[in-house]
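I have placed the structure first, in the form of structure tokens, so that the comments after it can refer back to it.
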2 protein chains.
Amino acid sequence: MIDCSSSEDKIKDAAKRVFILKGFSGCTSREIARESGMNVALVNYYFRSKDKLFQIIFQAVLEEFMLSMYSVFSSDASLKDKIRILIEREYDFISKNPEIPGFIINELSRENKESSEVVELLNKISASGVMKQAEAAQQIGEMRKIDIIGISLLVTSNCQYPFIAKSLLQKMHGLSDKDYFEYLETHKKNVTEMILTFLFPNPTVN
Amino acid sequence: MIDCSSSEDKIKDAAKRVFILKGFSGCTSREIARESGMNVALVNYYFRSKDKLFQIIFQAVLEEFMLSMYSVFSSDASLKDKIRILIEREYDFISKNPEIPGFIINELSRENKESSEVVELLNKISASGVMKQAEAAQQIGEMRKIDIIGISLLVTSNCQYPFIAKSLLQKMHGLSDKDYFEYLETHKKNVTEMILTFLFPNPTVN
DNA sequence: GTATGTTTTAAACAAGTGTTTAAATAAAGT
DNA sequence: ACTTTATTTAAACACTTGTTTAAAACATAC
């Protein structure tokens, strides 16, 4: 298997892997260079500094992550289905990229860096009309009265935490990687039922 | 306000603050020395190395954190009350130490360090008889059939995540520290109700 | 007082950090 | 062909890292 991508891309790919795994202050420029099979000087030749390279990676990862969550809102499914799908999507995405939530959260709190992506997501969501959908469902008593913050907190808590705290949970219960990820499939079902019956205690339709 | 504690304690206190805030690889020995008002050499005079100092701090923090969660299990309250109190306790403890869960999780996954405290907690919990309490409640159909991993995942997800992801959530919704922590008080009530009605769908007593 | 053991300091150490330089190589343009 | 531009490299730069050294300051004994 030969990597025939450009040197710039090789560095970018390696940087993404290393940054996500160890964080900005947990790795060195030389480590990224080594991981990409390139020279240290090349990293700075293409990206000017470790910091600049990190910003590029971080913004890309953030956008990828946000987009995977957002796309569900623009569909025309029912509110209940949207949340059901949202949970499903988050679990799937994070299963494939288990370290990304922790990476984003850690680096976002490292320094108070502003990220347009973070703010823009909320605008996109409110523009999708899902808020009005929620208001309507709450009006007729189908849905519990709870704001968007509460809903997203419930979903993200139960979807992201099991992956963020993987190391802790694994050590506590002595589970292998395989066992742990298998268990999370069961947990996903629990979480889905718990959140949906909490948000929609009086199902009128569906 | 004069700090009249010993130099060793001053270093330990500063190290705890700095390590929790920035992580092991996010800070330097000189930063800890400066923060404690001491000399760099003194840090190594008392603790031999940055690594040794970190281990001491980490184990202490881990024990403090685990103990605050565990103590509820040894009471003679009903199972439902134990979980209710557990959520209350976790929220209270983490409100006062918001960075500790993230600190523990991050440092635990940094290297595969074994921590006896993590394993011991489970032994203490099973020794407290709460497992049998759960089995009994599940036998009579009062409690949903779910194992200890699932329960602790539900509780910790909904209690710890809101603090771990504070930076992300705050930026998304544009909340000040005060607003955010206020909101979490409301969220705690939601979480408590959600988890309890999920775990105990058919209340027989209480 | 001197002597002894402990605590504190400034200075130094080697290794590692991000970054830059200047020369070597390759590619493209004429 | 030659010139110009872009890529790659080894080496160096200045600075920070964790750690150690050796001497100073302090305390407590005799």
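Each chain gets a letter, A, B and so on, in the order the sequences are listed, and its residues count up from 1.
Remark: A:R89 engages A:S71 in a side chain to side chain donor-acceptor pair (under 3.5 Å) (not counting sequence neighbours).
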Exercise. Please test B:F200 against B:I83 for side chain to side chain contact (heavy atoms under 4.5 Å, CB included), starting from the C-alpha separation and ending with a verdict.
Key: CA-CA 11 Å; B:F200 303 93; B:I83 294 177; 4.1 Å; yes
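Counting to the nearest Å, the C1' atom of C:dT8 and the OH atom of B:Y46 are 8 Å from each other. Atom CZ of A:F19 is separated from atom C1' of C:dG18 by 12 Å (rounded to the nearest Å). Regarding A:L42, its CG atom lies at a distance of 5 Å from the P atom of D:dT8, rounded to whole Å. Rounded to an integer number of Å, the gap from CZ of B:R34 to P of D:dT16 is 11 Å.
In this structure, A:F47 reaches neither bases nor backbone, as no heavy-atom distance under 4.0 Å exists between it and the strands shown.
A:F65 and A:F93 have tilted rings, their planes meeting at an angle from 30° to 60° on a 0 to 90° scale.
For C:dT8, one of the phosphate oxygens OP1 or OP2 lies less than 4.0 angstrom from a side-chain nitrogen or oxygen of B:S7.
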If you restrict it to nitrogen or oxygen atoms, what contacts under 3.5 Å exist between nucleotides 17-20 of chain D and the protein, and what is each distance?
unit_1	atom_1	unit_2	atom_2	d
D:dG18	OP1	B:S29	N	3.3
D:dG18	OP1	B:K50	NZ	3.0
D:dG18	OP2	B:S29	N	2.9
D:dG18	OP2	B:S29	OG	3.4
D:dG18	N7	B:R30	NH1	2.7
D:dG18	O6	B:R30	NH2	3.0
D:dT19	OP2	B:K50	N	2.6
D:dT19	O4	B:R30	NH2	3.4

Under 3.5 Å, N/O pairs linking protein and nucleotides 25-27 of chain C:
none

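Here the side chain of A:K50 pairs a donor or acceptor atom with the backbone of A:F24 at under 3.5 angstrom.
By the 6.0 Å contact criterion, CG on B:N123 is enclosed, its count of non-hydrogen atoms from other residues, nucleotides or ligands being greater than 12.
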